[in-house]
Amino acid sequence: MPDKSHGPAEREVIILQRLKEHGYVTVSDLSERLDVSEVTVRKDLQKLESRNLLHRTYGGANVRDPYVRDRPLDEKVTQYAEEKRRIGQAAAKLVSDRDSIILASGTTMTQVARHLREKSELTVITSAMNVALEVAHLQDVEVLMLGGMVRRTSKSVVGPYAQEMMKEYACDKLFLGVDGFDLDHGLTTANAPEAHLNQYMIRAAQRIIIVTDSSKFGRRSLRRICGLGSIHRVITDTCVEDRIVGHLEEQGIYVDVV
């Protein structure tokens, strides 16, 4: 494809204008719109990123800082509250009576726990105090709370005690929330000990189900938990981009959009 329709400076103006209007651009769309090759578009995006004018993602770029920092649970609970409620409700429907499940930490996990009321003979293993409190009063649910050092921001435990406990269990399903979900880099969280414990949880479960609102896609945090090859299902909200759903399904990952 000829790369002569627009000069480099003009292409940059068009790319930044598209970003301003839509918040996201794709390499394929820009290639067609600018009448240049995808290689040229990627080079343009790389130059703009080097000047801190955008952040490249899988297949395109966005205007957001892709790196997520650790934030208190009380702050996160108010964000995307309705989306998290729907995600939690959908996740709970995947839990069968007599299941043994792991609920990791996070505000979305609270919503999963709240929708387990009608399950029977359930075993719940969790590292999160807020999750344990949600299910502790349910008569037909056995709750196993992991021990260890308490993280003030997440109200959950981490460390070698929790990891050693997880070694003793084999469970049906793990429901895991993340701080970042990047199609290239994988799943991440802002806390290194949390990521390490999550890895032990993944080893203990037969099915790995990621529960996350769509704001986490295209973002990264401090510590990698795992790659896409380790997960089986993703539950997210309707704002997720079609290209992300398509990529996940191509990897054999089932996606619930709720």
If we ignore angles and hydrogens, is there a donor and acceptor under 3.5 Å between the side chains of T40 and S37?
-> yes

Linking I/L/V/M/F/W/Y whenever their side-chain heavy atoms sit closer than 4.5 Å, directly or via other members, would V255 and I231 fall into one cluster?
-> yes

Would you please name every residue forming a ring pair (Phe, Tyr, Trp, His ring centres under 6.0 Å) with H115, sequence neighbours left out?
-> none

Residues which pass salt bridge (Lys or Arg N to Asp or Glu O under 4.0 Å) with R223, listed by chain and number, not counting sequence neighbours | none

Mind checking the CD-CG spacing from Q46 to L54? Nearest 0.5 Å is all I need.
-> 11.0 Å

Who pairs with E142 by salt bridge (Lys or Arg N to Asp or Glu O under 4.0 Å), at least two apart in sequence or on another chain?
-> none

Can any side-chain N or O of S221 pair as donor or acceptor with the backbone N or O of A190 at less than 3.5 Å?
-> yes

Indicate yes or no for a side-chain donor-acceptor contact from Q199 to the backbone of I225 under 3.5 Å, with no hydrogens or angles considered.
-> yes

If you take all heavy atoms of S105 and A128, which pair is closest and at what distance?
-> CA-CB, 3.8 Å

Give the C-alpha distance, both sets of side-chain angles, the deciding distance and a yes or no for side-chain contact (heavy atoms from CB on, under 4.5 Å) between L116 and L103.
-> CA-CA 11 Å; L116 295 175; L103 298 182; 4.1 Å; yes

Beyond-backbone contact of I244 with E241, side-chain heavy atoms, under 4.5 angstrom = yes

Smallest heavy-atom separation, L146 atom then S127 atom, equals CD1-CB, 4.0 Å

Minimum-distance pair of heavy atoms, taken over all atoms of A162 and V157 | CB-CG2, 4.5 Å

Residues R51, E12: salt bridge by 4.0 Å N-O rule | yes

If you look only at distance, which donor and acceptor atoms sit under 3.5 Å apart when one is on a side chain in residues 204-213 and the other is two or more places apart or in another chain?
from: D213; atom 1: OD1; to: S215; atom 2: N; distance (Å): 3.0
from: D213; atom 1: OD1; to: S215; atom 2: OG; distance (Å): 2.3

Spacing of CD belonging to E38 relative to CG belonging to L45, to within rounding of 0.5 Å | 10.5 Å

Does any pair with a residue in residues 181-202 pass salt bridge (Lys or Arg N to Asp or Glu O under 4.0 Å), and if so which ones, sequence neighbours excluded?
-> R151-E194, D182-R220

Going through the distances and angles, do V150 and M129 end up as a side-chain contact (heavy atoms from CB on, under 4.5 Å)?
-> CA-CA 9 Å; V150 177; M129 292 187 288; 3.6 Å; yes

Atom CD of Q17 and atom CD1 of I15: how far apart are they, to the nearest 0.5 Å?
-> 12.0 Å

Could you tell me which residues satisfy side-chain hydrogen bond (donor to acceptor under 3.5 Å, both in side chains) with S120, sequence neighbours excluded, listed by chain and number?
-> D97

V135 reachable from I125 in the ILVMFWY side-chain graph, under 4.5 Å edges | no

Which atom names give the shortest non-hydrogen contact between R56 and E49, and what distance separates them?
-> NE-OE1, 2.7 Å

Enumerate donor-acceptor pairs with a distance under 3.5 Å from any side-chain N or O in residues 164-177 to protein atoms, sequence neighbours excluded.
from: E164; atom 1: OE2; to: K167; atom 2: NZ; distance (Å): 2.9
from: D172; atom 1: OD2; to: S100; atom 2: N; distance (Å): 2.8
from: D172; atom 1: OD2; to: S100; atom 2: OG; distance (Å): 3.2
from: K173; atom 1: NZ; to: L94; atom 2: O; distance (Å): 3.4
from: K173; atom 1: NZ; to: D99; atom 2: OD2; distance (Å): 2.5

Spell out, yes or no, whether I101 and V112 are grouped together once hydrophobic residues are joined by side-chain heavy atoms under 4.5 Å, including indirect joins.
-> yes

In chain order, what residues pass the salt bridge (Lys or Arg N to Asp or Glu O under 4.0 Å) check against R224, with sequence neighbours excluded?
-> none

Starting from the C-alpha separation in whole Å, work towards a yes-or-no answer on side-chain contact (heavy atoms from CB on, under 4.5 Å) for V240 and F217.
-> CA-CA 8 Å; V240 64; F217 289 106; 3.8 Å; yes

Hey, does Q111 have a side-chain heavy atom less than 4.5 Å from the side chain of I87?
-> no

Verify side-chain contact (heavy atoms from CB on, under 4.5 Å) between T236 and V245, making sure each step is shown before the conclusion.
-> CA-CA 10 Å; T236 190; V245 175; 5.7 Å; no

Taking only residues at least two apart or on different chains, which pairs with a member in residues 244-258 satisfy salt bridge (Lys or Arg N to Asp or Glu O under 4.0 Å)?
-> R233-D256

Between CG of L197 and OH of Y161, what distance do you get to the nearest 0.5 Å?
-> 15.0 Å

Considering residues at least two apart in sequence or located in another chain, which fulfil the side-chain hydrogen bond (donor to acceptor under 3.5 Å, both in side chains) criterion with D140?
-> none

Joint cluster assignment, L248 & L187, ILVMFWY side-chain distance < 4.5 Å | yes

Specify the closest pair of heavy atoms between L122 and S96, including all atoms of both residues, with the distance to one decimal.
-> CD1-O, 3.7 Å

Sorted by chain and number, sequence neighbours left out, salt bridge (Lys or Arg N to Asp or Glu O under 4.0 Å) with D237 holds for none

Applying salt bridge (Lys or Arg N to Asp or Glu O under 4.0 Å), which residue pairs with at least one partner in residues 102-129 are found, sequence neighbours left out?
-> R98-E121, R114-E134

dist E83:CD -> I235:CD1 (nearest 0.5 Å) comes out at 14.5 Å

Between S31 and S28, is there a donor-acceptor pair closer than 3.5 Å when you use the side chain of the first and the backbone of the second?
-> no

R243 and H247, any side-chain heavy atoms less than 4.5 Å apart = no

If every non-hydrogen atom of N198 is compared with every non-hydrogen atom of A104, which pair is closest and at what distance?
-> ND2-CB, 4.2 Å

hydrophobic_cluster_shared for V258 and I253, side chain cutoff 4.5 Å = no

To the nearest 0.5 Å, what is the distance between NZ (K84) and CE (M109)?
-> 10.5 Å

